[in-house]
Amino acid sequence: MPIRLYDTARREVVPFEPGPLVTMYTCGITPYDATHLGHASTFVFYDVLQRRLIDLGHQVRCVRNVTDVDDPLFAKARELGVHYLDLAAGEEARFNRDMEALEALPVHSAPRASSAISDIRGFIGMVLDRGYAYVVDGSVFFDVSKSPGFGEISHYTNEQMVAFARERGGNPDDPAKRNPLDFVLWHPSAPDEPSWDAMWGPGRPGWHIECSALALRELGTTIDLHGGGTDLIFPHHECERAQSEAATGEPFVRHWMHVAMVHMDGEKMSKSLGNLVFVDKLRETYDPRSIRLGIIEHHYRREWEWDESLMPRNHARLLAWLGSVGAGGSATSLLDAVRERLDDDLDTPGALALIDEAAKRGTDVTPAAAVLGVNLGRPVSVG
RNA sequence: GGCGACGUGGCGGAAUGGUUUACGCAGCGGCCUGCAAAGCCGUUUAUCCGAGUUCGAUUCUCGGCGUCGCCUCCA
């Protein structure tokens, strides 16, 4: 039985049947401000998936980019009076420390957008050569009218997308654009922003292009699974797919997987709202394994709300699991049952419930916990 | 407006086509205590509304109502 996962584009749970080598691309962070529990949540779920795929005998090649060339980063650097790459490096390091503490497996590569400018230029050249983009005054726009599949991941109609763009003042009436939904692949930089030379004029990449360029560079034309948070479905992934398929003429992604948002105070936890919980702050009080458990006690497709009882509850859970170490009892059937839960659209809440019960019964749950990335081989530690 | 998620006791949150609907917090009673706290034992309270399918629905279907999210800063 292959693992089954929900595919955003197909809108149903389908078998996920990659070859021996699985290529995965997850959209990483823009390191301009504190990375928080919501980010950690997204990547911990991909880590659980990666672990299960390895457990099934696959080799996994997962790429997770870092968007260190983008508007919010420049704005924040301007505000703080620091170089944008210094700001990015600090936040990226913080994120990496969090992921390491949470015992996420290392990704195959974590390329920065700033390292990919030449790839991006080459990629834009491919899109232009194939007639899917046009140049206006040093800006390169993607021509959405050439991409009839635009909207098939998010399931928005063209009319809807146009209406939204107009409503939101998303510059749909920019006279340079042929179609209101056309988006930027390259554009001139503001005076205090970084700028790179290009055949069509100096400037910097648009938001979506780096992921397409990096996915092609690191993983090839068609990747097995692509994901990120649900907030990236539209427009980011829609645009990525359009430009990638324009550039290569091949399908971009076989399976789209998105992780739901973490909320706090009834709203999405987000940098702009400031309603944040930080992993490094939690680590001052709790073992990182408790934090991982606190994340995966939820299902990845269901939004959830941070609340104060989460950590005490999962601290207790970790202690109960640790208490089972060395106990007798056969763990083989438990391990199989946990694997079965994961193969059913990554049912981590179900897996945790099985392990809770087994620990209570006095079965050593070490192997089952390991499948979820929870190592019971050491005592509780904090800080 | 479109799309999506969700509506279980005072709160959070599981589970299920069928005798007694988990668990945690709070509440209540008791044990303990000089008094209290903690701890322990016991215990009260629930499936948004309507229609349908069914011998039987909280669970499945349809329609309402409500909450939330997304809709070019976003994991």
Side-chain angles (χ1 to χ4, degrees), chain A residues 6 8 11 26-47 64-67 70-76 95 98-99 142 144 150-151 153-172 174 177 180-184 206-208 211 227-240 257-276 279 295 297-310 312-317 320 347 349-350 352-354 356-357 360:
Chain A
Y6 184 84
T8 307
R11 281 178 156 163
T26 59
C27 288
I29 58 163
T30 300
Y32 71 93
D33 208 335
T35 71
H36 53 75
L37 186 67
H39 300 104
S41 163
T42 297
F43 300 111
V44 163
F45 281 115
Y46 286 111
D47 180 64
R64 185 174 65 212
N65 67 300
V66 175
T67 305
D70 202 10
D71 294 306
L73 179 62
F74 300 149
K76 187 75 179 184
F95 172 72
D98 285 348
M99 294 314 293
F142 186 85
V144 169
F150 196 75
I153 304 169
S154 58
H155 305 285
Y156 294 139
T157 66
N158 231 51
E159 292 69 28
Q160 285 167 354
M161 292 188 281
V162 172
F164 304 150
R166 185 152 285 129
E167 232 168 72
R168 295 276 163 157
N171 227 11
D174 182 340
K177 290 185 183 179
L181 289 178
D182 289 353
F183 55 93
V184 167
W207 174 28
H208 315 294
C211 292
T230 53
D231 53 352
L232 294 179
I233 297 171
F234 184 85
H236 185 55
H237 287 160
E238 209 70 75
C239 294
E240 254 185 68
M257 172 175 164
H258 292 96
V259 178
M261 298 291 103
V262 179
H263 292 226
M264 185 177 183
D265 301 328
E267 290 181 279
K268 187 176 93 169
M269 197 178 278
S270 82
K271 297 171 202 174
S272 54
L273 292 169
N275 54 337
L276 305 171
V279 173
I295 291 169
E297 79 165 26
H298 305 94
H299 189 264
Y300 79 93
R301 275 203 289 133
R302 185 157 158 184
E303 308 166 343
W304 54 280
E305 177 98 10
W306 162 265
D307 81 281
E308 291 301 327
S309 69
L310 181 76
R313 179 168 66 248
N314 283 284
H315 176 66
R317 171 176 271 143
D347 178 13
L352 260 58
L354 289 171
D356 285 342
E357 201 184 318
K360 197 182 283 184

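Sequence lines set the chain letters: A, B, ... in the order given, protein chains first and strands last, and positions in each chain run from 1. Only this structure's heavy atoms are used, side chains among them; waters, hydrogens and symmetry mates stay out.
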### Task
Quick one: do Ser41(A) and Tyr300(A) satisfy side-chain contact (heavy atoms from CB on, under 4.5 Å)? Show the steps, please.
CA-CA 8 Å; Ser41(A) 163; Tyr300(A) 79 93; over 6 Å; no
### Query
Taking for each residue the nucleotide of RNA chain B with the nearest heavy atom, is it Ala260(A) or His208(A) whose nucleotide lies nearer the 5' end?
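Of the two residues, His208(A) wins.
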### Task
Find which nucleotide of RNA chain B each of Arg313(A) and Val259(A) is nearest to by heavy atoms, and output the residue with the more 5' nucleotide.
Arg313(A)
Does [X] have any salt bridge (charged side-chain N to carboxylate O under 4.0 Å, His left out) partners at least two apart in sequence or in another chain, and if so, which?
{"X": "Asp47(A)", "answer": "Arg51(A), Arg292(A)"}
{"X": "Asp182(A)", "answer": "none"}
{"X": "Glu297(A)", "answer": "Arg313(A), Arg317(A)"}
{"X": "Asp347(A)", "answer": "Arg341(A)"}

Just jot down the side chain to side chain donor-acceptor pair (under 3.5 Å) partners of [X], sequence neighbours excluded, or say none.
{"X": "Glu238(A)", "answer": "Ser154(A)"}
{"X": "Asp98(A)", "answer": "Arg283(A)"}
{"X": "Arg301(A)", "answer": "Asp345(A)"}

Answer with base, sugar-phosphate or nothing: what part of the nucleic acid does [X] contact at a heavy-atom distance below 4.0 Å?
{"X": "Thr30(A)", "value": "sugar-phosphate"}
{"X": "Gly38(A)", "value": "base"}
{"X": "Gly227(A)", "value": "nothing"}

Work out how far the [atom1] atom of [N] is from that of [M], and round it to whole angstrom.
{"N": "A15(B)", "M": "C23(B)", "atom1": "C1'", "answer": "11 Å"}
{"N": "U43(B)", "M": "G24(B)", "atom1": "P", "answer": "13 Å"}
{"N": "C41(B)", "M": "G34(B)", "atom1": "P", "answer": "22 Å"}
{"N": "U20(B)", "M": "G12(B)", "atom1": "C1'", "answer": "24 Å"}
{"N": "G18(B)", "M": "G50(B)", "atom1": "C1'", "answer": "23 Å"}
{"N": "G13(B)", "M": "C25(B)", "atom1": "P", "answer": "16 Å"}
{"N": "U58(B)", "M": "G9(B)", "atom1": "C1'", "answer": "13 Å"}
{"N": "A57(B)", "M": "C48(B)", "atom1": "P", "answer": "15 Å"}

Measure the distance from [atom1] on [X] to [atom2] on [N] and round it to the nearest whole Å.
{"X": "Tyr32(A)", "N": "C74(B)", "atom1": "OH", "atom2": "C1'", "answer": "6 Å"}
{"X": "His36(A)", "N": "C73(B)", "atom1": "NE2", "atom2": "P", "answer": "16 Å"}
{"X": "His236(A)", "N": "C71(B)", "atom1": "NE2", "atom2": "C1'", "answer": "16 Å"}
{"X": "Phe183(A)", "N": "C73(B)", "atom1": "CZ", "atom2": "P", "answer": "15 Å"}
{"X": "Tyr46(A)", "N": "A75(B)", "atom1": "OH", "atom2": "C1'", "answer": "9 Å"}
{"X": "Trp306(A)", "N": "G13(B)", "atom1": "CH2", "atom2": "P", "answer": "14 Å"}
{"X": "Phe74(A)", "N": "C73(B)", "atom1": "CZ", "atom2": "P", "answer": "16 Å"}
{"X": "Arg317(A)", "N": "A14(B)", "atom1": "CZ", "atom2": "C1'", "answer": "11 Å"}

### Query
Do the rings of Phe150(A) and Phe183(A) sit parallel, tilted or perpendicular, given the 30° and 60° boundaries?
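It falls in the parallel class, under 30°.
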### Query
With respect to the side chain of His263(A), which nucleotide from A75(B), U72(B), C68(B) is positioned closest?
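Selected nucleotide: C68(B).
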### Message
Taking the minimum atom-to-atom distance to the side chain of Leu181(A), which one of A75(B), C74(B), U72(B) wins?
### Response
U72(B)
For nucleotides 3-6 of chain B, list the nitrogen or oxygen atoms of the protein found under 3.5 Å from its nitrogen or oxygen atoms, one pair per line.
| residue | atom | partner | partner atom | Å |
| --- | --- | --- | --- | --- |
| C3(B) | O3' | Arg11(A) | NH2 | 3.1 |

### Task
Under 3.5 Å for both distances, Watson-Crick or G-U wobble, that's the pair rule; now give the dot-bracket for RNA chain B, with | marking pairs to another strand and [ ] for crossing ones.
(((((((..(((.....[....))).(((((.......)))))....(((((..]....))))))))))))....
### Message
For a 4.5 angstrom cut-off between non-hydrogen side-chain atoms, does Arg302(A) reach Pro349(A)?
### Response
no
### Message
Using side-chain heavy atoms (C-beta onward) and a distance below 4.5 Å, is Asp70(A) in contact with Trp207(A)?
### Response
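Asp70(A) reaches Trp207(A) side chain to side chain.
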